[in-house]
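Reviewing the structure listed below.
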Amino acid sequence: MELEVKLSFDSRDLLYGLADSGDFLKYCSDAVKPETVLLENTYLDTSDMKITGRGGMIRIRHCKGSYKDNYEFTVKYGGGVSEGYHKRYEWNAESEDGKFSIESFMSLASSDDSSDMLSEVFSGIKDEDLYPLCSNSFNRTVYNLTYGDSTIEACFDYGLISNSDGSKTDEICELELELKTGDPSDIAQLAKIITDKTGCVPLDNTKYGRTLKLARGTDHEE
């Protein structure tokens with residue numbers, strides 16, 4: 001089960017100001033400032049949105065940086081969201097060509113006690129049923145933190161979501177804190193420290209939900 005906190009910032013300066021502050025850097029285990037990479041996300045679903053309707057998400061991510069150029073497939077399913085806290089089952093697999101295949105993904109994704117749930121996501125769906133539903137792109141800088149007894153990944157994300165003709169846009173300006181190992185109470189405490197110092201607010205909406213809403217011109221959120 002993935003556990004992360006999403007925090008929304010009012011501006012790019014406030015977001016990256018936190019990354020440069022001593023209050024944040026004292027928790028960093030990185031010796032040097034991490035590289036910023038461009039992430040291009042494409043989300044797949046069926047024409048009648050079976051995956052989304054089941055509470056799932058399929059994402060193809062193209063990662064581009066000075067030392068990185070690869071694809072990552074991600075499937076998320078179930079869980080819930082409350083006051084910026086996101087809990088979902090998540091499976092990941094690396095790819096060289098970015099061509100998503102259900103069978104290949106299921107064989108590459110880590111096998112654990114949630115594998116039956118992964119089968120639920122794809123039940124009755126074939127590769128040819130899937131098509132690109134919407135997409136977004138943003139810059140990400142990832143820091144590795146140590147707080148309390150936990151290791152936490154901090155992702156600073158900035159970019160812009162736009163609809164097909166560019167007439168409507170929505171800014172991505174957020175921090176994602178993901179618990180990698182340790183105690184969930186540590187990530188809650190760190191999130192509170194950050195919100196108290198910066199005035200950022202919890203974010204329940206996912207990038208996928210916001211992108212889908214803009215692309216389809218609906219109030220649908222995921």
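All of these numbers come straight from a predicted model, not from anything done at the bench. For the single chain, residues carry numbers from 1 onward in sequence order.
- Under a 3.5 Å cut-off, the side chain of D45 and the backbone N or O of T52 do form a donor-acceptor pair.
- Each of I187, L3, D186 was scored for a side-chain contact (heavy atoms from CB on, under 4.5 Å) with L177, with one residue passing: I187.
- Residue E103 holds its CD atom at 10.5 Å from CG of L108, rounded to the nearest 0.5 Å.
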* Going through the checks in order, is the salt bridge (Lys or Arg N to Asp or Glu O under 4.0 Å) test met by D23 and K197? -> CA-CA 9 Å; D23 289 331; K197 287 185 176 294; 3.5 Å; yes
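- No more than 12 heavy atoms of other residues, nucleotides or ligands shown are found within 6.0 angstrom of CG on D149.
- The aromatic ring centres of F24 and F156 sit less than 6.0 Å apart.
- With values rounded to the nearest 0.5 angstrom, K168 atom NZ is found 12.5 Å from S162 atom OG.
- Using a 4.0 Å cut-off between charged nitrogen and carboxylate oxygen, E2 and K87 do not count as a salt-bridge pair.
- Side chain of S82 to main chain of Y85: no donor-acceptor pair is present (N/O by atom type, distance under 3.5 Å, no hydrogens or angles).
- No side-chain N or O of D129 forms a donor-acceptor pair with one of T46 less than 3.5 Å apart.
- Side chains of N70 and E94: a donor on one and an acceptor on the other come within 3.5 Å.
- Put simply, the side chain of S123 never gets that close to the backbone of E120: no donor and acceptor are under 3.5 Å apart.
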* Asked: Are Y147 and Y27 close enough, and set up right, to give a ring-ring contact (aromatic ring centres under 6.0 Å, His included), and what steps lead you there?
  -> CA-CA 6 Å; Y147 183 85; Y27 302 120; 5.3 Å; yes
* Output, in order, the C-alpha distance, side-chain angles, deciding distance and verdict of side-chain hydrogen bond (donor to acceptor under 3.5 Å, both in side chains) for S150 and D183. => CA-CA 6 Å; S150 302; D183 189 341; over 6 Å; no
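- Taking the ring centroids of Y208 and Y43, they lie under the 6.0 Å cut-off.
- Interatomic distance, N41 CG to S135 OG, rounded to the nearest 0.5 Å: 8.5 Å.
- Rounding to the nearest 0.5 angstrom, the gap separating the CZ atom in R210 from the CG atom in L203 is 6.0 Å.
- Counting only N and O atoms by type, the side chains of T211 and N136 include a donor and acceptor under 3.5 Å apart.
- S104 places no side-chain N or O within donor-acceptor distance of the main-chain N or O of S101, the cut-off being under 3.5 Å.
- Between the side chain of D10 and the backbone N or O of L14, no donor-acceptor pair lies under 3.5 Å.
- Counting only distance, with no hydrogens or angles, the side chain of T151 and the backbone of T181 share a donor-acceptor pair below 3.5 Å.
- With respect to E171 and R12, no salt bridge is recorded, no charged nitrogen being found less than 4.0 Å from a carboxylate O.
- With values rounded to the nearest 0.5 angstrom, K68 atom NZ is found 4.5 Å from C63 atom SG.
- Distance CZ/R88 to CD/E4: 9.5 Å, rounded to 0.5 Å.
- Between the side chain of D204 and the backbone N or O of G84, at least one donor-acceptor pair lies under 3.5 Å.
- Considering all non-hydrogen atoms of both residues, V37 and G65 come closest at CG1-CA, 4.1 Å.
- Side-chain atoms of T36 and N139 include no donor-acceptor pair closer than 3.5 Å.
- Under a 4.0 Å N-O distance rule, the pair E35/R140 does not qualify as a salt bridge.
- Without hydrogens or angle criteria, R54 side chain to Y77 main chain gives no donor-acceptor distance under 3.5 Å.
- Side-chain contact between H62 and D69 is present, with heavy atoms from C-beta onward closer than 4.5 Å.
- Under a 4.0 Å N-O distance rule, the pair K6/E178 does not qualify as a salt bridge.
- Ring geometry for F105 against F100 counts as tilted: the plane angle lies between 30° and 60°, on a 0 to 90° scale.
- The two residues I172 and K207 come nearest to each other via the heavy atoms CG2-CE, 3.8 Å.
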* Asked: Is there a salt bridge (Lys or Arg N to Asp or Glu O under 4.0 Å) between E40 and R61 once you walk through the steps?
  -> CA-CA 6 Å; E40 297 176 334; R61 169 169 285 172; over 6 Å; no
